[in-house]
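First the structure, in the form of structure tokens, and then the observations on it.
Residue numbers begin at 1 in each chain, while the letters A, B, ... track the order of the sequences.
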There are 2 protein chains.
Amino acid sequence: MQKRSEISSGAVADLTQATRLLLDDFLPYRLSFTSNLVSEAIARAYEALFGLRIPEWRLIAVIAEHDGITQQAIGLRTRMDKVTVSRAAVSLTERGLIERRPNPEDRRSHLLVLGPTGRRLYAEIVPKALELEARVFGAFTQAELDFFQSMLRRIEKIAGS
Amino acid sequence: MQKRSEISSGAVADLTQATRLLLDDFLPYRLSFTSNLVSEAIARAYEALFGLRIPEWRLIAVIAEHDGITQQAIGLRTRMDKVTVSRAAVSLTERGLIERRPNPEDRRSHLLVLGPTGRRLYAEIVPKALELEARVFGAFTQAELDFFQSMLRRIEKIAGS
DNA sequence: CGAAGGTAGTTTCAATTGATACCATGCTAT
DNA sequence: ATAGCATGGTATCAATTGAAACTACCTTCG
């Protein structure tokens with residue numbers, strides 16, 4: 001397969017060249033493509049195993065890691081819309097997985113904590129999540145994974161500003 | 001920041017450990033997070049610059065690269081839903097950017113080609129797209145980018161089956 | 001104080017998405 | 001040939017999403 005020339009070089013000049021095969025090597029596209037593939041697989045698994053949708057699972061994870069966090073802090077951290085966070089929080093509360101405690105410092109907000117049931121569920125989820133991760137990323141060396149992680153974070157820094 | 005242990009090792013055993021900081025280093029999450037960040041930036045730019053949504057821009061790119069492709073082939077190649085492809089094709093036809101020729105080999109399908117206007121637009125889009133790409137990925141060396149690409153493709157192979 | 005403006009979270013609504021059903025055409029086997 | 005099943009593409013509908021308006025509370029400043 002032919003390779004596109006370097007991104008930052010003057011590759012653009014030769015339109016005939018650029019006209020062929022832009023999309024396949026276009027990194028934003030490639031990244032989105034791969035991410036969707038992985039996300040779909042994960043989403044299906046969570047839905048089937050625990051009846052959780054992605055935002056719900058993320059809330060559980062974040063709350064488990066940061067007990068008593070507020071919804072808006074979750075939004076900041078995960079970049080989920082506050083509406084999405086709100087809906088997931090309501091749904092998880094209804095299912096008895098999390099509790100919303102009043103925030104003594106600000107009565108507009110709630111502090112979210114896992115209830116006993118939620119904590120138990122989380123303990124079930126974690127190994128399963130790692131297993132799913134390993135199914136996709138288990139074939140790579142630790143060095144490759146570290147590098148991949150660090151690249152993702154560098155990209156985030158650049159794109160997120 | 002504490003680092004999670006290796007994926008494929010028995011890290012799961014220590015729940016106290018796993019209970020902290022699962023999400024931030026969880027690769028499917030990280031991947032989706034980064035991808036969304038980049039996609040949003042790109043989508044905004046295309047919308048603002050050319051009035052194109054992502055599926056439409058993808059169609060244009062694929063058609064430019066594969067003149068006379070059918071909708072279903074586009075769906076296969078890009079993993080876009082056939083409904084999404086259909087809508088984008090209709091919209092682009094209405095805007096006079098592409099033409100749908102009858103397929104002599106199968107009267108159910110159309111062969112999509114860029115019209116003159118579409119071709120001109122594509123010629124404008126390409127350099128802009130490369131520029132956007134460079135804005136996010138320009139800080140990396142070619143070796144890093146190649147490696148990143150190849151990892152994405154390996155991940156696709158594993159997750160896409 | 002209390003008016004003015006800001007923020008946490010929810011509700012509402014419109015847009016986007018994808019599953020499903022559907023139509024027209026194509027293919028295969030009798 | 002034609003009956004029966006498969007496929008390209010479109011239409012319909014229900015679910016998901018996020019923008020904007022709204023409510024309740026908080027903060028600042030005259």
In whole angstroms, how far is the P atom of C/dT10 from the CG atom of A/L112? 9 Å
Walking DNA chain C from its 5' end, the first of A/A89 and A/E40 to be reached, judged by nearest nucleotide, is A/A89
Sequence neighbours excluded, the answer for side chain to side chain donor-acceptor pair (under 3.5 Å) partners of B/R79 is none
Would you call the rings of A/F26 and B/W57 parallel, tilted or perpendicular, where under 30° means parallel and over 60° means perpendicular? perpendicular
Can you tell me if B/E65 uses its side chain to pair, donor with acceptor, with the backbone of B/V62 under 3.5 Å? no
Nearest-Å distance for atom pair CG/C1', residues A/L111 and C/dG9: 13 Å
For A/T78, check side chain to side chain donor-acceptor pair (under 3.5 Å) against everything at least two apart and list the hits. none
Rounded to whole Å, the CD-P distance (A/E47 to C/dA19) equals 13 Å
Side-chain ion pair, B/K128 and B/E131, N-O less than 4.0 Å: yes
For the pair A/E133 and A/R135, find out whether any cationic side-chain nitrogen is under 4.0 Å from an anionic carboxylate oxygen. no
Footprint ends on DNA chain D, 5' to 3', for atoms under 4.0 angstrom from a heavy atom of chain A, come out as D/dT16 to D/dC26
Please tell me which of A/D81 and B/V83 maps to the more 5' nucleotide of DNA chain D, matching each residue to the nucleotide holding its nearest heavy atom. B/V83
Those residues at least two apart in sequence (or on a different chain) that pass ring pair (Phe, Tyr, Trp, His ring centres under 6.0 Å) with B/F50 are none
Could you go through nucleotides 22-28 of chain C and list every protein N or O atom that sits under 3.5 Å from one of its N or O atoms, giving the distance for each pair?
residue	atom	partner	partner atom	Å
C/dT25	O2	B/R108	NH1	3.4
C/dG26	OP1	B/R107	N	2.8
C/dG26	OP1	B/R107	NE	3.3
C/dG26	OP2	B/R107	NH2	3.1

Please collect all salt bridge (charged side-chain N to carboxylate O under 4.0 Å, His left out) contacts where either partner lies in residues 80-92 of chain B, sequence neighbours excluded, each pair once. none
Atom-to-atom span, NE2 of A/H110 to P of C/dG9 - whole angstrom: 6 Å
